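Here the structure comes first, spelled out in structure tokens, and everything after it is commentary.
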2 protein chains.
Amino acid sequence: MPETFPNTPEAARPTMIDVARRAGVGLGTVSRVVNGGHGVRDETAQRVRAAIDQLGFQRNEVARALRPGKKSSSLALVLGDLTNPFYATIAKASLEVAGQSGFAVVLGSVDEDPEGEKRAIRELVSRQVAGLMIVPDQGDHAFLAGAGVPVVFVDRPATGIEADIVMVDNEGGGRLATEHLLSQGHERIAILLAPSYYTTGRRLRGFRRAHRTAGLDVDESLVVQLPEGNAESAEKATRELMLRPDPPTAIFASTNFLTEGVLRALGELGREPAVVGFDDFRLADMLPTPVTVVASDIAELGRSAARLLLDRAAGTDRRPPQRIVLPCALIQRGSGERPPSAAKRKAR
Amino acid sequence: MPETFPNTPEAARPTMIDVARRAGVGLGTVSRVVNGGHGVRDETAQRVRAAIDQLGFQRNEVARALRPGKKSSSLALVLGDLTNPFYATIAKASLEVAGQSGFAVVLGSVDEDPEGEKRAIRELVSRQVAGLMIVPDQGDHAFLAGAGVPVVFVDRPATGIEADIVMVDNEGGGRLATEHLLSQGHERIAILLAPSYYTTGRRLRGFRRAHRTAGLDVDESLVVQLPEGNAESAEKATRELMLRPDPPTAIFASTNFLTEGVLRALGELGREPAVVGFDDFRLADMLPTPVTVVASDIAELGRSAARLLLDRAAGTDRRPPQRIVLPCALIQRGSGERPPSAAKRKAR
């Protein structure tokens with residue numbers, strides 16, 4: 001890779017985003033200017049060119065990185081089931097950012113299947129994409145080291161390779177949800193976990209930490225590892241939990257689909273323990289009891305990943321692997337604010 | 001394009017799907033066999049080869065069409081907002097079918113913006129994809145005639161070009177929804193329509209036809225053309241409708257987002273007219289009054305489009321442009337079964 005900024009320290013090296021920012025325009029406009037300036041007003045184009053010069057960019061390097069139509073002007077995105085709004089939101093956001101820079105996105109959607117994931121990645125790499133965004137499955141990703149293109153992991157780190165990762169504060173979110181329930185007097189809180197993904201492990205860690213801080217022991221029989229990460233699995237587990245002689249008074253559902261399953265079971269049983277879900281979802285506020293969730297900006301996950309990858313692909317960001325962590329916030333809507341006594345009474 | 005089946009009439013020309021069917025395997029297996037047979041049992045591979053021979057395929061033509069890693073082994077998919085489950089479902093399904101044949105999918109997601117759509121298509125075509133699947137926006141698509149690759153339109157036809165189209169029976173669905181409401185004694189039925197897309201026009205036609213068949217006039221003041229196709233727009237319109245001195249006793253919401261907006265407004269107002277939505281959506285059955293919808297198999301829309309496009313790209317389907325129409329069905333859940341008298345009373 002050519003050293004284009006010999007006098008600039010690694011961390012301060014300007015990116016295309018810096019050009020856009022300094023010129024007060026979007027990345028798409030920067031792209032149009034370096035590709036000939038069609039559809040950009042003269043005055044704006046001049047401002048962009050000035051910003052490029054001021055920041056010390058080689059103009060044709062930017063052009064090369066941003067020019068559409070070349071086979072290397074595609075990014076690949078490998079992620080799970082697109083009908084899960086979580087993945088769809090990441091896909092949409094990263095497509096938008098890539099598109100603004102003239103990059104297309106080749107999509108590989110694999111439904112939590114390590115072999116399928118590996119195959120999809122190999123196929124995409126063989127298409128000579130400029131970079132890879134991956135929501136990694138479990139398993140070793142050392143094979144990616146030979147891919148010859150930059151990789152950004154989204155939502156979860158991968159083992160076997162050092163690369164950029166953009167994720168949410170899973171442990172902090174897990175603690176936030178649990179502290180909220182504890183603060184309302186709940187002492188028997190169940191947590192439902194999808195099969196051992198990195199994220200749910202971290203959420204469980206936050207759950208434990210909140211208990212420890214409150215001086216409470218976790219009842220291990222309330223830590224439920226589900227065989228599958230779908231709503232049906234959570235529904236079944238919730239039914240079993242609530243029919244025990246000593247049911248929990250609150251449930252922390254560690255993904256959006258699990259929350260749905262918990263609510264289905266409670267609706268059938270007519271029971272109302274407190275419920276907090278991880279990740280917001282459409283219509284959460286319209287359910288019979290609006291759902292309290294711990295949420296983060298999922299679209300920003302996709303945007304940050306795409307921005308970082310574009311800068312890596314263009315060679316304008318050569319820092320060591322970065323770790324970007326987005327915060328979580330609690331959205332109180334009702335289901336998480338029920339007192340422990342509510343779990344015993346029947347729903348209306 | 002080479003004439004590989006000189007003695008086969010157009011309509012009877014076998015496709016790769018026929019090979020898969022005759023061999024009793026998936027398209028992915030066919031792909032693996034013609035690409036070397038890795039990971040396929042000898043017996044299965046033999047069956048696939050026999051099917052190819054029996055159907056009169058040139059084996060290397062199939063191989064060329066199915067071989068992964070070539071730049072022409074990508075399909076492009078251009079559609080709207082991926083966070084709309086309707087589009088996400090189409091994307092997921094077409095990715096699955098394409099992937100089974102070793103094809104990647106390059107995605108362009110444009111949010112109901114004709115200029116953005118045109119730009120996205122041009123960019124994708126310049127990447128030399130083997131074919132295009134497009135959920136077309138309004139406006140002339142004649143520019144596609146020069147794209148040099150097969151095009152399949154999904155959900156809506158486009159003007160200016162003759163091409164394959166896979167869609168749902170919008171008019172039939174509109175009639176079904178309206179007949180259901182009429183059969184329960186509703187005579188003042190409002191219909192909410194997103195900006196003049198082809199699909200909503202057809203749904204309106206079905207609405208009118210059902211009225212005509214029942215010998216009723218449509219009250220044109222109850223035909224509401226919304227300025228935007230989002231939930232907020234439908235929410236506002238519903239509030240206005242219900243606060244009229246002569247409100248409707250039933251509402252037909254012609255898209256999933258519009259249905260959401262209608263329900264939000266009714267929840268706030270505490271009114272309970274009958275509601276039928278077009279297209280099913282996640283959690284529709286968990287809302288305070290479960291939602292009756294007219295629905296079709298959206299995933300099949302994506303699958304059919306991808307299958308057709310693969311056959312066109314491989315040259316194994318050379319029929320004139322096809323029009324595939326999927327049926328709609330009514331799913332009764334409660335909101336569509338309220339009698340006219342319910343509209344007057346306040347909700348619990």
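Residue numbering restarts at 1 for every chain, and letters A, B, ... go by the order of the sequence lines. Note that this is a predicted model, so its numbers are computed, not measured.
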Report summary line: Closest non-hydrogen atoms of B/Ala231 and A/Arg282, given as atom of the first, atom of the second and distance, are CB-NH2, 4.5 Å
Report task. Begin from the C-alpha positions of A/Val106 and B/Leu107 and carry the test side-chain contact (heavy atoms from CB on, under 4.5 Å) through to its verdict. Result -> CA-CA 6 Å; A/Val106 195; B/Leu107 210 67; over 6 Å; no
Report summary line: For B/Ala88 and A/Leu82 the tightest heavy-atom approach is CB-O, 3.5 Å
Query - Criterion side-chain contact (heavy atoms from CB on, under 4.5 Å) on B/Met286 and A/Leu283, from CA distance to verdict - result: CA-CA 10 Å; B/Met286 287 181 69; A/Leu283 302 181; over 6 Å; no
Query - Which portion of B/Asn84 sits near chain A, non-hydrogen atoms under 4.5 angstrom - result: neither
Query - Heavy-atom closest pair, residues A/Thr83 and B/Lys92 - result: CG2-CD, 3.6 Å
Query - Contacts with chain B made by residues 253-263 of chain A (heavy-atom distance under 4.5 Å), listed by residue number - result: A/Phe257, A/Glu260, A/Leu263
